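Reviewing the structure listed below.
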2 protein chains.
Amino acid sequence: MTRIATLSESRDSCHNCRLRTLCLPDNLPKDDIGKLEGIVQRRKPVSRGDYLFQAGQRFNSIYAVRTGAVKTSTLMANGDEHISGFHLPGEVIGLDAIVSRDHPSSAIALETASICEIPYAELETLSDHTPSLQHRLMRIMSRELLAEQSTNHLLSRRSAEQRLAVVLLKFSERFAERGLSALRFRLPMSRLDLGNYLGLVPETMSRTFRRLEEQGLVGIAGKEIEIVDSGAMRALAFGAEGSQVARA
Amino acid sequence: MTRIATLSESRDSCHNCRLRTLCLPDNLPKDDIGKLEGIVQRRKPVSRGDYLFQAGQRFNSIYAVRTGAVKTSTLMANGDEHISGFHLPGEVIGLDAIVSRDHPSSAIALETASICEIPYAELETLSDHTPSLQHRLMRIMSRELLAEQSTNHLLSRRSAEQRLAVVLLKFSERFAERGLSALRFRLPMSRLDLGNYLGLVPETMSRTFRRLEEQGLVGIAGKEIEIVDSGAMRALAFGAEGSQVARA
DNA sequence: CGTACTGTTGATGCAATTCAAGGTTTGTGG
DNA sequence: CCACAAACCTTGAATTGCATCAACAGTACG
């Protein structure tokens with residue numbers, strides 16, 4: 001039951017993973033983390049453009065991002081790609097496949113990434129008699145649901161400037177949660193991909209980035225982003241007047 | 001363990017509920033349905049406009065729609081309502097609140113509705129030693145995730161006509177799943193609400209409905225909808241050369 | 001060290017919003 | 001059952017924000 005950690009296990013273990021508070025192990029008792037570790041497979045790093053899985057492929061595992069970044073996308077009837085999300089370290093991918101036999105979307109590495117694979121059958125068996133893990137899974141699903149809702153929200157009747165402001169602030173938050181700077185970061189995806197996600201064409205992305213820069217809200221250098229006036233950004237992103245933090 | 005069903009229990013029980021294959025009891029062994037029934041609270045019907053719960057309120061229960069229809073919505077920073085979904089009999093509401101202590105959105109009856117309330121703490125305790133229920137919950141969450149994704153998809157770069165066609169076809173499907181006609185049905189929400197959900201202004205809704213009717217795709221009489229040419233509807237909704245994106 | 005991908009800029013067109021006003025349905029109390 | 005208010009829905013005209021088209025400049029990389 002209690003496994004003796006070898007040196008290499010220790011370096012890679014969920015116990016010591018910097019991301020454990022975001023990922024599956026959060027709130028699990030030490031014993032249960034050990035059990036989880038028993039079924040997690042750490043695969044060799046994937047490179048930019050590699051598929052973790054493809055749409056239509058049989059669902060076997062869910063995946064947790066350890067380093068790097070991943071996008072998930074579906075192919076629409078006319079052959080166009082629709083990007084449904086970007087996934088940073090600590091996030092779990094593939095949960096939308098549990099209900100059917102097959103993955104509804106593809107997952108593609110945006111840059112070199114290391115990934116943990118968790119075979120779902122084994123995870124299910126383990127959680128059958130591990131309430132803490134079960135509760136954690138429900139909470140993660142609920143979190144994903146919230147994230148999707150907020151994306152809906154984002155796409156519904158907002159201007160290009162607002163969409164970009166919202167998404168930049170959201171990335172800022174997500175980087176901060178991972179111990180990185182909230183004010184200076186590097187977007188892992190192309191403008192094309194970000195535009196696709198936001199429902200905007202690349203030309204509009206370019207012009208909108210420029211407008212935010214001209215207004216002194218952000219600094220842009222390729223994929224490097226600096227949030228210059230986060231108050232004004234928040235005001236632009238969420239509603240007409242005043243940054244939302246202004247009210248008690 | 002095995003409960004003797006009284007007459008009134010029998011009429012209202014999950015065992016006999018017409019919706020059990022859509023709702024929580026699906027795929028559960030008889031015994032486990034019995035256990036589930038032990039914690040389900042059937043409340044007196046709510047009327048149009050009544051809240052099941054309000055955004056910000058403490059999360060205690062999830063809710064299943066038995067009859068009628070419900071919308072969920074959030075209030076945006078500027079005071080506007082944003083409708084995040086419409087819920088028909090057999091669907092479960094409130095799953096987005098599991099991760100936090102509070103409901104992120106409000107649930108409001110669109111018409112007289114009867115609702116089953118399931119206290120979440122009890123559901124969690126029960127599922128701790130009821131794998132079938134646990135698996136069912138995960139599958140329902142996964143289904144919700146898919147539904148949200150398809151809403152994102154819908155809002156991302158599609159014309160008003162396409163959005164309306166997609167949403168009408170989706171309602172058609174959902175009514176059919178519930179044993180109602182797929183070709184003639186009554187939308188439970190106002191055009192205002194449907195427009196809000198689709199990210200369209202009421203004027204646009206009105207014009208778009210009319211255009212679909214003029215093209216002979218649907219028949220419209222207030223909230224009564226008839227799908228006249230479902231092939232053409234599908235072509236418009238998911239099809240190749242609708243209006244916007246026609247490339248090689 | 002060129003080929004393909006990604007990003008930028010300007011000119012033009014169009015779909016959906018906005019503004020304005022009138023019509024219709026729904027619900028409520030007398 | 002009617003009267004009346006409050007929603008809800010429709011129609012037309014003017015406006016605008018984003019897409020499209022076209023051309024070109026970086027940049028990444030085999």
Side-chain angles (χ1 to χ4, degrees), chain A residues 47-50 71 78 80-83 108-112 154-165 167 186-215 218 220-225 236 240, chain B residues 47-50 71 78 80-81 83 108-112 154-165 167 186-215 218 220-225 236 241-248:
Chain A
S47 11
R48 188 165 128 72
D50 287 353
K71 69 174 174 183
N78 59 16
D80 283 0
E81 180 183 24
H82 173 77
I83 295 177
I108 302 156
L110 288 164
E111 56 194 17
T112 304
L154 164 67
L155 292 172
S156 187
R157 296 231 303 129
R158 299 182 93 93
S159 69
E161 271 187 28
Q162 286 184 307
R163 291 181 200 200
L164 187 52
V167 89
R186 191 183 152 280
L187 292 176
M189 81 293 292
S190 70
R191 247 137 249 231
L192 206 90
D193 280 352
L194 191 58
N196 182 309
Y197 174 70
L198 292 176
L200 299 170
V201 112
E203 294 94 322
T204 304
M205 290 301 290
S206 179
R207 289 186 245 267
T208 308
F209 264 114
R210 187 153 52 84
R211 246 179 296 141
L212 289 188
E213 194 171 29
E214 283 168 3
Q215 292 173 245
V218 294
I220 313 282
K223 288 175 174 160
E224 302 287 337
I225 307 290
L236 171 58
Chain B
S47 10
R48 186 164 129 73
D50 286 354
K71 69 174 174 182
N78 58 16
D80 284 1
E81 181 183 23
I83 296 177
I108 302 156
L110 288 165
E111 57 194 18
T112 303
L154 165 66
L155 293 171
S156 187
R157 298 234 300 129
R158 299 180 93 93
S159 69
E161 271 187 28
Q162 287 183 307
R163 291 182 201 199
L164 186 51
V167 89
R186 191 183 152 280
L187 291 176
M189 80 294 292
S190 70
R191 247 137 249 229
L192 207 89
D193 280 352
L194 191 57
N196 182 311
Y197 174 71
L198 292 176
L200 298 170
V201 113
E203 293 94 324
T204 305
M205 290 301 290
S206 178
R207 290 186 245 267
T208 308
F209 263 114
R210 186 153 52 84
R211 247 178 295 141
L212 289 188
E213 194 170 29
E214 282 168 3
Q215 294 172 244
V218 295
I220 313 281
K223 288 175 175 162
E224 302 287 338
I225 307 290
L236 171 58
E241 45 277 308
S243 46
Q244 295 222 137
V245 209
R247 24 151 236 93

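Below, chains carry the letters A, B, ... as their sequence lines are ordered, and counting in each starts from 1. Being a predicted model, the structure only gives us computed values, none of them experimental.
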> What nucleic acid atoms does B:Gly49 come within less than 4.0 Å of, heavy atoms only: base, sugar-phosphate, or nothing?
Replying inline: nothing
>> Assuming nearest nucleotide by heavy-atom distance, tell me which of B:Glu203 and B:Arg48 is located more 5' along DNA chain D.
In response: B:Arg48
> Whole Å only: how far is the CZ atom of B:Arg158 from the C1' atom of C:dA15?
Replying inline: 16 Å
> Between B:Asp50 and B:Ala109, is there a donor-acceptor pair closer than 3.5 Å when you use the side chain of the first and the backbone of the second?
Replying inline: no
> Nearest of D:dT20, C:dT6, C:dT18 to any side-chain atom of A:Val201?
Replying inline: D:dT20
> Which of the following nucleotides, D:dC18, D:dT11, D:dC8, is nearest to the side chain of B:Leu192?
Replying inline: D:dC8
> How long is the line joining NZ of A:Lys223 and C1' of C:dG7, in whole Å?
Replying inline: 10 Å
> If you draw a 6.0 Å radius around CZ in A:Arg48, do more than 12 non-hydrogen atoms from other residues or ligands fall strictly inside?
Replying inline: no
> How many Å lie between CG on A:Asp80 and P on D:dT20, as a whole number?
Replying inline: 10 Å
> In whole Å, what is the span from the CD atom of A:Gln162 to the C1' atom of D:dG17?
Replying inline: 13 Å
>> Between A:Glu214 and A:Arg210, is the salt bridge (charged side-chain N to carboxylate O under 4.0 Å, His left out) condition met? List the steps.
In response: CA-CA 6 Å; A:Glu214 283 168 3; A:Arg210 187 153 52 84; 3.3 Å; yes
> Between C:dA11, C:dA16, D:dT10, which nucleotide has the shortest distance from any of its atoms to the side chain of A:Arg207?
Replying inline: C:dA11
> Would you say a side-chain N or O of A:Arg157 is under 4.0 Å from OP1 or OP2 of C:dT18?
Replying inline: yes
>> Quick check on side-chain contact (heavy atoms from CB on, under 4.5 Å): which of A:Leu236, A:Leu194, A:Leu200 does A:Leu164 satisfy it with?
In response: A:Leu194
> Base, sugar-phosphate, or nothing for B:Thr208, non-hydrogen atoms under 4.0 angstrom?
Replying inline: nothing
>> Expressed as a whole number of angstroms, how long is the span from A:Arg210:CZ to D:dA25:P?
In response: 16 Å
>> Applying the salt bridge (charged side-chain N to carboxylate O under 4.0 Å, His left out) criterion to B:Glu111, which one of B:Arg186, B:Lys223, B:Lys71 satisfies it?
In response: B:Arg186
>> Taking only side-chain N and O atoms of A:Arg191, does any of them lie within less than 4.0 angstrom of OP1 or OP2 on C:dC5?
In response: no
>> Can you measure A:Met205 atom CE to C:dT6 atom P for me and round it to whole angstrom units?
In response: 14 Å
>> It should be established whether A:Thr204 places a side-chain nitrogen or oxygen under 4.0 Å from OP1 or OP2 of nucleotide D:dA19.
In response: yes
>> Any base atoms under 4.0 Å from A:Gly195, or only sugar-phosphate, or nothing? Heavy atoms, all strands.
In response: nothing
> B:Leu200 CG to D:dC8 P: how many Å, rounded?
Replying inline: 17 Å
>> What is the distance, to the nearest angstrom, from the CG atom on B:Asn196 to the P atom on D:dA7?
In response: 17 Å
> Of the nucleotides C:dG7, D:dC8, D:dT10, which one has an atom closest to the side chain of A:Ser190?
Replying inline: C:dG7
